[in-house]
There are 2 protein chains.
Amino acid sequence: MNNKITKPTEAELQILQILWQNGPSTVRFVNEKLNEEKKTGYTTSLKTMQIMFEKKLVKRNEENKTHIYAAVVREEDVQKHLLDKFLDSAFKGSAMKLVMQALGNRKTSKKELDEIRALLDKIEKGGNK
Amino acid sequence: MNNKITKPTEAELQILQILWQNGPSTVRFVNEKLNEEKKTGYTTSLKTMQIMFEKKLVKRNEENKTHIYAAVVREEDVQKHLLDKFLDSAFKGSAMKLVMQALGNRKTSKKELDEIRALLDKIEKGGNK
DNA sequence: TTAATAGTACGAAAGAATTCGTAGAACAAA
DNA sequence: TTTGTTCTACGAATTCTTTCGTACTATTAA
């Protein structure tokens, strides 16, 4: 079990999102995706991905001249890790408060609400642990 | 209505937490609180609080030699703001996923679960908004 | 009144993250 | 071949944040 998740920086997280969403990708592809959000130079993306490679956040296939990058860390694991940190720093650890805030201030569909209810029931039954 | 919340840095957020929790405080007090968590030089705390003052995150009473600092921004407002950002960057905007993660991976009391149910009901009834 | 103590102000060093320019390798097309 | 294009590598500039040293002022105690 590999617990040592290094907290990705903001730029790294954005790239991970793209890799999670699209699967293994070239730097060019990632850079183009990034540019949909915010002007980003090609070598900037490249450099960031090289750093992520050193940090083992991603791996890459170097068989061809154009490398193919893929996420090494799993989306859920990173989310959990970031959530823990965030909970701590912004909500002093109160998951309750965070959930109330998250639900309270935005529109959530009936379907989603029901899904949450189902989860609550499951937790209460002790299915969670 | 003042929407222009500048995202506080990590160090600034820690100080805000102390001010929210303890009310108006001196630099010395804040610094001592910070030191319960992590060794922090006095002038480091001072400098950070001065920057926060410039940024209008805090105000201060300068009547006496020892200034008294107080938060200007409200805890809920900052939390909401940080949550929005976090949701976006880590969960691509899906409050659902975040809530599931937050509830799924930790122990939550019956009372809390019921509070959430109540909130869900309220949202569904359209009472929310 | 003088010395020690406790403050503020502030520039600048140190660190961390991001951005960018340039060099050189690989490859394709002419 | 030669030329243009598309890559990687990588150092260095930039920017943002945090930390710290130093100068100076007010206050307190001897």
Side-chain angles (χ1 to χ4, degrees), chain A residues 5-19 24-70 73 78 81-82 85-86 89-90, chain B residues 5-19 24-70 73 78 81-82 85-86 89-90:
Chain A
I5 291 183
T6 17
K7 185 177 173 180
T9 67
E10 197 51 42
E12 290 169 349
L13 183 55
Q14 277 184 301
I15 289 175
L16 283 175
Q17 302 279 17
I18 291 170
L19 293 179
S25 313
T26 61
V27 174
R28 177 131 326 262
F29 177 82
V30 168
N31 179 249
E32 271 158 17
K33 282 286 177 189
L34 285 176
N35 271 282
E36 289 173 9
E37 297 274 310
K38 153 174 184 295
K39 178 194 148 310
T40 310
Y42 177 82
T43 53
T44 299
S45 303
L46 172 65
K47 178 70 170 186
T48 305
M49 291 171 79
Q50 284 171 341
I51 291 170
M52 292 170 79
F53 176 67
E54 281 166 26
K55 290 189 187 173
K56 305 272 176 57
L57 285 172
V58 298
K59 58 188 173 185
R60 67 185 180 192
N61 180 326
E62 304 177 359
E63 274 174 37
N64 299 295
K65 182 192 160 197
T66 303
H67 299 348
I68 308 284
Y69 285 77
V73 291
V78 172
H81 188 247
L82 292 176
K85 295 257 185 229
F86 179 67
S89 66
Chain B
I5 291 183
T6 16
K7 185 177 174 181
T9 66
E10 198 51 42
E12 290 169 350
L13 184 55
Q14 277 184 301
I15 289 175
L16 282 175
Q17 301 279 18
I18 292 170
L19 293 179
S25 312
T26 62
V27 173
R28 179 134 319 267
F29 177 82
V30 168
N31 178 250
E32 271 157 16
K33 282 285 176 190
L34 286 176
N35 270 282
E36 289 173 10
E37 296 276 310
K38 151 172 185 298
K39 179 193 148 308
T40 310
Y42 178 83
T43 53
T44 299
S45 303
L46 172 65
K47 178 69 170 187
T48 305
M49 291 171 80
Q50 284 170 341
I51 291 170
M52 292 170 79
F53 177 68
E54 281 166 24
K55 290 189 187 174
K56 303 274 175 56
L57 286 171
V58 299
K59 57 189 172 182
R60 68 185 180 192
N61 179 327
E62 304 177 0
E63 276 174 36
N64 299 293
K65 181 192 160 199
T66 304
H67 301 171
I68 308 283
Y69 285 78
V73 291
V78 172
H81 188 246
L82 292 176
K85 296 256 185 229
F86 179 67
S89 67

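When reading the values below, keep in mind they use all heavy atoms of this one structure, side chains included, and skip hydrogens, waters and symmetry mates. The chains referred to below are lettered A, B, ... by the order of the sequence lines, with proteins before strands, and numbering in each begins at 1.
Contact check for I68(A) versus S25(A): no side-chain heavy atoms found under the 4.5 Å cut-off.
In this structure, K38(A) reaches the sugar-phosphate backbone alone: every heavy-atom distance under 4.0 Å involves primed, P, OP1 or OP2 atoms, never a base. Within 4.0 Å of E10(B), counting heavy atoms only, lie sugar-phosphate atoms of the nucleic acid but no base atom.
Atom-to-atom, CG of L46(A) to C1' of dT22(C) comes out at 13 Å; the value is rounded to the nearest Å. Residue N31(A) contributes atom CG, which lies 11 Å from atom P of dC20(C) at whole-angstrom precision. In this structure, K7(B) atom NZ and dA17(C) atom C1' are separated by 13 Å, rounded to whole Å. A straight line from CG of N64(B) to P of dT27(D) spans 9 Å, rounded to a whole angstrom. Residue F53(B) contributes atom CZ, which lies 15 Å from atom C1' of dC10(C) at whole-angstrom precision. In this structure, CE of M49(B) is placed 17 Å from C1' of dT17(D), rounded to the nearest angstrom. Rounded to whole angstrom, the span from the CD atom of Q50(B) across to the P atom of dG7(C) amounts to 14 Å. Taking atom CZ of residue F29(B) and atom P of nucleotide dA6(C), one finds them 18 Å apart after rounding to whole Å.
K39(A) has no side-chain polar atom (N or O) that falls below the 4.0 Å cut-off from OP1 or OP2 of dT18(C). Contact check, R60(B) against dG7(C): no side-chain N or O comes under 4.0 Å of OP1 or OP2. Between T9(B) and dC16(D) there is no side-chain N or O to OP1 or OP2 distance below 4.0 Å. A sub-4.0 Å separation between OP1 or OP2 of dT18(D) and a side-chain N or O of T44(B) is absent. Taking side-chain N and O atoms only, R28(B) has no distance below 4.0 Å to OP1 or OP2 of dT8(C). Checking the phosphate oxygens (OP1, OP2) of dT19(D), no side-chain nitrogen or oxygen of Y42(B) falls inside 4.0 Å. Within the structure, every side-chain polar atom (N or O) of T66(B) is placed at least 4.0 Å from both OP1 and OP2 of dG7(C).
When distances run from any side-chain atom of T48(B) to the nucleotides dT18(C), dT19(D), dC20(D), the shortest one goes to dT19(D). Here dC10(D) is the nucleotide among dT19(D), dC10(D), dA9(D) with the atom lying nearest to any side-chain atom of K47(A).
If you check distances only, the side chain of K65(B) does reach the base of dA6(C) with a donor-acceptor pair under 3.5 Å.
The neighbour count for K55(B) NZ, taken as heavy atoms of other residues, nucleotides or ligands under 6.0 Å away, is above 12. Open room surrounds NZ on K7(A); 12 or fewer heavy atoms of other groups in view lie less than 6.0 Å from it.
Looking at T48(B), I15(B), N35(B), L46(B) one by one, the single match for side-chain contact (heavy atoms from CB on, under 4.5 Å) with V30(B) turns out to be I15(B).
Comparing I68(B) and K55(A) against DNA chain C, the residue whose closest nucleotide sits nearer the 5' end is I68(B).
Between R60(A) and E62(A), at least one side-chain N (NZ, or NE/NH1/NH2) sits under 4.0 Å from a carboxylate O, which counts as a salt bridge.
Of all heavy-atom pairs between Y69(A) and V27(A), the closest is CE1-CG2, 3.6 Å.
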